Amino acid sequence: MLLKDKIYLHELREQFLQQIVNEWPSKWQKEFDEFSSFEALKSKNAFLEALLADIEDVLHQQLNGETKNELFSKDFLRRFVFEYGTKEVRIQTRFRNVISVYLGYTDWDDFRQKNNDLDRQNIHINYVNIEESLFPALRKMQAIPLSDEPYTTFQAVKPRFTVSRFVFGFFLLIALSVLCYFSFDWWQSRPFSSEELKEVQFKVIKTVGQYPQAVRIFYDVSSLPRVQKVEVGLGVGQVFNAQKAKAFFTDSEQLVDTVAQTYFYPGIYQLVLKVNGQAIKKYHHVVYSKPSAWSSWGYGVAYEKAWATNISTTKDYISNGVLHFDPQAFPNEIKGEFDYRQSIHALTQDFGIPFDSLTIEARLKNPESEGGESCYNMELNAFDKNFNALAVRIVQEGCTDFAQLTVGASVFRRQTPHTGKNVDLDRFGINHNEWNVLKIKILEKRFWVFVNDKEAYQGYFKTKDSSAELVDLRFSFKGAGSIDWVKVSNSYTGKVVYQTDF
């Protein structure tokens, strides 16, 4: 199969799976629960039967009832959905036509025509490249001419061998190898100049869906010299326990490539392009919430295994004007000191206000009786489009060693191993059984933190990048947590840009 065909088939399968996910609430959720991943389906066989029936119904409508000779088997559907990429899955032309029609195209040719932008993309598809050496038996021999005639004949002659020559050559080879290794390593590891980085491209070129959102991340480093390894940080990672996490990177030897990634939750994701181990470009991709709609989910670690609940809309957790995550949705597997359960409530949208003129106010509580845990941490986080961050963690009285404060690039306290500045955050310890009002005001390069109308801390801060528009606001709780109301306003004018009492 031509590589070009594989690229189109790869796109066909992506659109097929994305359509299933998009139609999940209306077609599949009632029978198979909320969607988290295809691998998480408890009864794959039952799902395939339901999917096959849906495909038959759609084709029956599209093809005026002529579907008998068009459909494929459930076995093929299993390979296409669950085994594609792990083994060779042959897709006949009529199967391609069926999937294309199911997606709303006329046929396979119509699909290719309407997705012809793929011809200009170099999609990364794994394949094996085998190098073969000619005449390996002649590697240690010389070929010398026996005559000067027009049709010269050759004779293979073995080189003379002596112990002294061998020892000298051996050590000379080692010395040259070491010299070449360090010289090459020094040359490869030199930082790229700003002039060399001018032509480098790194961006998201395509997004499909909302939750989950499939994206195409494009890079082009063909203008760079001495490229040995290319990596793309996807802005997501794996949590092993409270003290250990690992970011996800893809790696490739391609100078121009397109990487596919799916994001399951709203937020701002920092993508990083690394060449030869050097981070040369960053891109911030925003996965937006539905307009003015908060999203809620739980996550944590139990037995060094990370878990997360399905994303839910605010209607699932709003009751009597309070946004509160249901503690019954948490897995009950907490056994050790490094196991924890947290809930997140996030709103990702364009707030129309810059980071350096931001005021956020909220009324919160997190009592043990409503699912609070440990030091009952309540944390406010905000990010602008340049990934400048605000992080304020309020804790229970007596737990202020775990209080945290970060504004932009200035870290005032963060738990070990980062020492931060040993500042006094004793006023960040409060009674979480009662409602508390948290307020953070940022004005140019200065900020203030208020707890129940009393100043808890104030200071000056710096940012790594220039201040940009606020796009992500979220509250996280150690446990379930409750939010009564939220207000966001302009610190200069006092104008309220967002307000909700749920």
Side-chain angles (χ1 to χ4, degrees), residues 34 211 265-267 288-300 308-332 334 340-349 351 358-383 390-397 399 403-404 428-441 449-454 456 470-489 496-502:
E34 290 190 18
Y211 311 134
Y265 302 96
Y288 288 97
S289 303
K290 295 178 181 178
S292 298
W294 289 76
S295 301
S296 303
W297 66 93
Y299 76 96
T309 66
N310 292 326
I311 190 168
S312 300
T313 62
T314 55
K315 293 181 179 179
D316 293 330
Y317 296 116
I318 292 178
S319 178
N320 298 321
V322 173
L323 179 58
H324 170 64
F325 192 84
D326 184 359
Q328 298 297 321
F330 286 135
N332 188 24
I334 303 302
Y340 60 87
R341 300 184 295 187
Q342 292 195 186
S343 59
I344 287 184
H345 305 285
L347 178 63
T348 308
Q349 65 179 36
F351 284 87
L358 174 66
T359 297
I360 303 175
E361 302 170 75
R363 191 166 183 253
L364 319 164
K365 70 174 180 178
N366 189 30
E368 184 177 10
S369 61
E370 297 180 7
E373 297 182 354
S374 186
C375 282
Y376 312 107
N377 304 348
M378 298 191 297
E379 188 166 346
L380 181 153
N381 297 99
F383 299 89
L390 169 66
V392 182
R393 177 182 291 179
I394 305 296
V395 295
Q396 181 76 1
E397 295 169 321
C399 285
Q404 296 183 27
F428 280 35
I430 57 178
N431 181 3
H432 287 231
N433 292 310
E434 302 173 351
W435 286 106
N436 296 276
V437 177
L438 176 62
K439 177 180 178 180
I440 299 92
K441 180 179 181 179
V449 179
F450 299 91
V451 179
N452 295 324
D453 296 324
K454 295 181 180 179
L470 178 71
V471 290
D472 187 74
L473 175 63
R474 58 188 56 214
F475 296 89
S476 63
F477 298 87
K478 193 73 169 292
S482 297
I483 308 174
D484 186 23
W485 53 260
V486 179
K487 183 168 73 172
V488 182
S489 57
V496 177
V497 298
Y498 175 80
Q499 186 169 7
T500 181
D501 58 2
F502 301 104

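A quick note: this is a predicted structure, and the numbers were derived from the prediction, not measured.
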Rounded distance [0.5 Å steps], CG in Asp326 versus OG in Ser296: 11.0 Å
Ignoring hydrogens, what is the shortest heavy-atom contact between Ile344 and Tyr299? Give both atom names and the distance. CD1-CE2, 3.4 Å
If you round to the nearest 0.5 Å, how far is CZ of Arg363 from CG of Asp501? 11.5 Å
Distance, nearest 0.5 Å, that separates OG of Ser482 from CG of Asn366: 7.5 Å
Could you report the tightest heavy-atom contact between Asn381 and Ala391, atom names first, then the distance? ND2-CB, 3.3 Å
Measuring only between side-chain heavy atoms, which start at C-beta, is Met378 closer than 4.5 Å to His432? yes
With heavy-atom distances below 4.5 Å as the criterion, would you say the side chains of Val451 and Val437 are in contact? no
According to ring pair (Phe, Tyr, Trp, His ring centres under 6.0 Å), who are the partners of Phe325, at least two apart in sequence or on a separate chain? Tyr317, Phe330
Between the CG atom in Asn377 and the CD atom in Gln404, the distance rounded to the nearest 0.5 Å is 8.0 Å
Could you tell me which non-hydrogen atom of Gly371 sits nearest to which non-hydrogen atom of Pro327, and how far apart they are? CA-CB, 4.1 Å
Looking at Ser343 and Gly479, would you say the former's side chain and the latter's main chain have a donor-acceptor pair under 3.5 Å? yes
Carefully, step by step, assess Ile360 and Leu390 under the rule side-chain contact (heavy atoms from CB on, under 4.5 Å). CA-CA 10 Å; Ile360 303 175; Leu390 169 66; 4.2 Å; yes
Taking C-beta and beyond as the side chain, do Pro266 and Trp297 meet within less than 4.5 Å on heavy atoms? yes
A side-chain contact here means heavy atoms from C-beta on lying under 4.5 Å apart; do Val497 and Leu470 qualify? no
For Asn452, what residues pass the side chain to side chain donor-acceptor pair (under 3.5 Å) criterion, not counting sequence neighbours? Asn436
Donor on one side chain, acceptor on other, Gln349 and Tyr288, under 3.5 Å: no
Please report the shortest heavy-atom distance between Pro367 and Asn433, naming the atom on each side. CB-OD1, 3.2 Å
If you compare all heavy atoms of Leu473 against all heavy atoms of Ala382, which two are closest, and at what distance to 0.1 Å? CD1-CB, 4.3 Å
I'd like to know whether the aromatic ring centres of Trp485 and Phe502 sit less than 6.0 Å apart in this structure. no
Are the charged groups of Glu434 and Lys365 less than 4.0 angstrom apart, N to O? no
Heavy-atom distance under 4.5 Å between the side chains of Ile394 and Ile430, does that happen here? yes
Does the cation-pi check pass for Lys478 over Tyr376, that is, NZ or CZ under 6.0 Å from the six-membered ring centre and within 45° of its axis? no
For Ile311 and Glu34 the tightest heavy-atom approach is O-OE1, 3.4 Å
Could you tell me which residues satisfy side-chain contact (heavy atoms from CB on, under 4.5 Å) with Gln499, sequence neighbours excluded, listed by chain and number? Lys487, Val496
Between Phe477 and His345, what is the ring plane arrangement, given parallel below 30°, perpendicular above 60°, and tilted in between? perpendicular
pair Asp484-Trp435: side-chain heavy atoms closer than 4.5 Å: yes
Taking the side chain as C-beta and beyond, is there a heavy-atom pair between Leu323 and Trp294 under 4.5 Å? yes
Does the plane of the ring in Tyr498 sit parallel, tilted or perpendicular to the ring in Phe351? Use 30° and 60° as the thresholds. perpendicular
Can you confirm whether Ile440 sits close enough to Thr359 that some side-chain heavy atom of one is under 4.5 Å from a side-chain heavy atom of the other? no
